[in-house]
Amino acid sequence: MSSDCIFCKIVSNDIPAKKFYEDEEVIAFHDIRPIAPVHFLIVPKGHVESLAGCDASHQALLGKILLLAPKLATQLGLKGFRTMINTGREGGQEVFHIHVHVFGGGETLPKT
Ligand code: 5GP
Ligand code: ZN
């Protein structure tokens, strides 16, 4: 746990979030500023700064998170979705605890 990390505080329930999935390694909760009708984040419980801070020891965890995305998206009624991982300030990352965005619903998403 990183004491000044907002996602660590969500993991430990020190700040509230609309969590809808939790297991021993990861949580998922709705983004506070959604950019689509459904927009959630899948977050490992352990503090890892970003994708750039991952190594082979994180391989199974990263795979698990990606495989969870379609399961959770389906549970929330999405028929398709977009995933996004922002990495580093130049990559648009604001919260430095790795997370995968999953969003969709409503209109077909524009091509990037
Ligand atoms: P990033 O730009 O780091 O990839 O995305 C961080 C995301 O976390 C943003 O979409 C932002 O809206 C979301 N976020 C930041 N703080 C909170 C919070 O306290 N609660 C929730 N649920 N989402 C947050
Ligand atoms: Zn953290």
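Numbers for residues simply follow the sequence, beginning at 1. Note that ligands are numbered from 1 as they come in the structure, with each ligand's atoms numbered from 1 the same way. Just so it is clear, the structure is predicted and the values come from calculations on it, not from any experiment.
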Problem set entry | For Asn86, the ligand 1 atoms whose distance to one of its heavy atoms is below 4.0 Å | 1 (P), 2 (O), 4 (O)
For this session: Measure from the side-chain N and O atoms of His97 to the backbone N and O of Pro44, and report whether any donor-acceptor pair falls under 3.5 Å.
Result: yes
For this session: Could you tell me which atoms of ligand 1, counted from 1 in the order shown, lie closer than 4.0 angstrom to a heavy atom of His30?
Result: 22 (N)
Exercise. So, Lys45 and Glu24, do they make that salt bridge, N to O below 4.0 Å?
Worked result: no
For this session: For residues Leu76 and Phe81, determine if any side-chain heavy atom of one lies less than 4.5 Å from a side-chain heavy atom of the other.
Result: no
For this session: Of the side chain and backbone of Met84, name the one, both, or neither that has a heavy atom under 4.0 Å from an atom of ligand 1.
Result: neither
For this session: Distance to 0.1 Å, residue and atom name: give those for the protein heavy atom nearest to atom 15 (C) of ligand 1.
Result: Val95 CG2, 4.0 Å
Seminar exercise, completed: Short version for His99: what comes under 4.0 Å of ligand 1, heavy atoms counted, is side chain
Exercise. Do Asp4 and Lys9 sit within salt-bridge range, that is, some charged N less than 4.0 Å from a carboxylate O?
Worked result: no
Problem set entry | Atom of His97 closest to the Zn ion (ligand 2), considering N, O or S atoms | ND1
Exercise. Any idea which N/O/S atom from His47 gets closest to the Zn ion (ligand 2)?
Worked result: ND1
Problem set entry | Sub-4.0 Å atoms of ligand 1 with respect to non-hydrogen atoms of Arg33 | 11 (C), 12 (O)
Exercise. Any donor-acceptor pair under 3.5 Å linking the side chain of Gln93 with the backbone of Glu49?
Worked result: yes
Exercise. Does any N or O atom in His39 lie less than 3.5 angstrom from one in ligand 1, N or O only?
Worked result: no
Seminar exercise, completed: Shortest non-hydrogen pair, Ala52 vs Thr87, comes out as N-CG2, 3.7 Å
Problem set entry | Pairwise distance CG(Asn86) to CG(Leu51) - rounded to 0.5 angstrom | 10.5 Å
For this session: Check each atom of ligand 1 against the heavy atoms of Ile6 and keep those under 4.0 Å away; list them by number with element.
Result: 19 (O)
Problem set entry | Ligand-side contact atoms (ligand 1) for residue partner His101, heavy atom cut-off under 4.0 Å | 1 (P), 4 (O), 5 (O), 7 (C), 10 (O)
Exercise. What residue and heavy atom of the protein are closest to atom 24 (C) of ligand 1, and at what distance?
Worked result: Ile32 CG2, 3.5 Å
For this session: Ignoring hydrogens and angles, tell me if any N or O in the side chain of Lys19 forms a donor-acceptor pair with the backbone of Ile10 under 3.5 Å.
Result: yes
For this session: Before signing off on this row, confirm whether Asp31 and ligand 1 have an N or O atom pair separated by under 3.5 Å.
Result: yes
Problem set entry | Which of the ligand 1 atoms, numbered from 1, are nearer than 4.0 Å to a heavy atom of Phe29 | 21 (C), 22 (N)
Exercise. Taking heavy atoms and a distance under 4.0 Å, where does Ile10 meet ligand 1: side chain, backbone, both or neither?
Worked result: side chain
Problem set entry | Any Val26 side-chain heavy atom under 4.5 Å of Leu68 side chain | yes
For this session: Using a 4.5 Å cut-off on heavy atoms from C-beta on, say whether the side chain of Glu25 contacts that of Leu61.
Result: yes
For this session: For atom 2 (O) of ligand 1, state which one of Ser50, Pro34, Gly92 supplies the nearest heavy atom.
Result: Gly92
Problem set entry | ring pair (Phe, Tyr, Trp, His ring centres under 6.0 Å) evaluation trace for Phe20 with Phe40 | CA-CA 9 Å; Phe20 63 93; Phe40 63 89; 5.1 Å; yes
Problem set entry | Derivation and outcome, side chain to side chain donor-acceptor pair (under 3.5 Å), residues His30 and His39 | CA-CA 6 Å; His30 294 279; His39 180 182; over 6 Å; no
For this session: Look at atom 3 (O) of ligand 1 and say which protein heavy atom is nearest, naming residue and atom and giving the distance to 0.1 Å.
Result: Glu94 N, 2.7 Å
Problem set entry | Enumerated ligand 1 atoms positioned under 4.0 Å from heavy atoms of Leu41 | 8 (O)
Exercise. With a cut-off of 4.0 Å, which atoms of ligand 1 are near a heavy atom of Phe7?
Worked result: 8 (O)
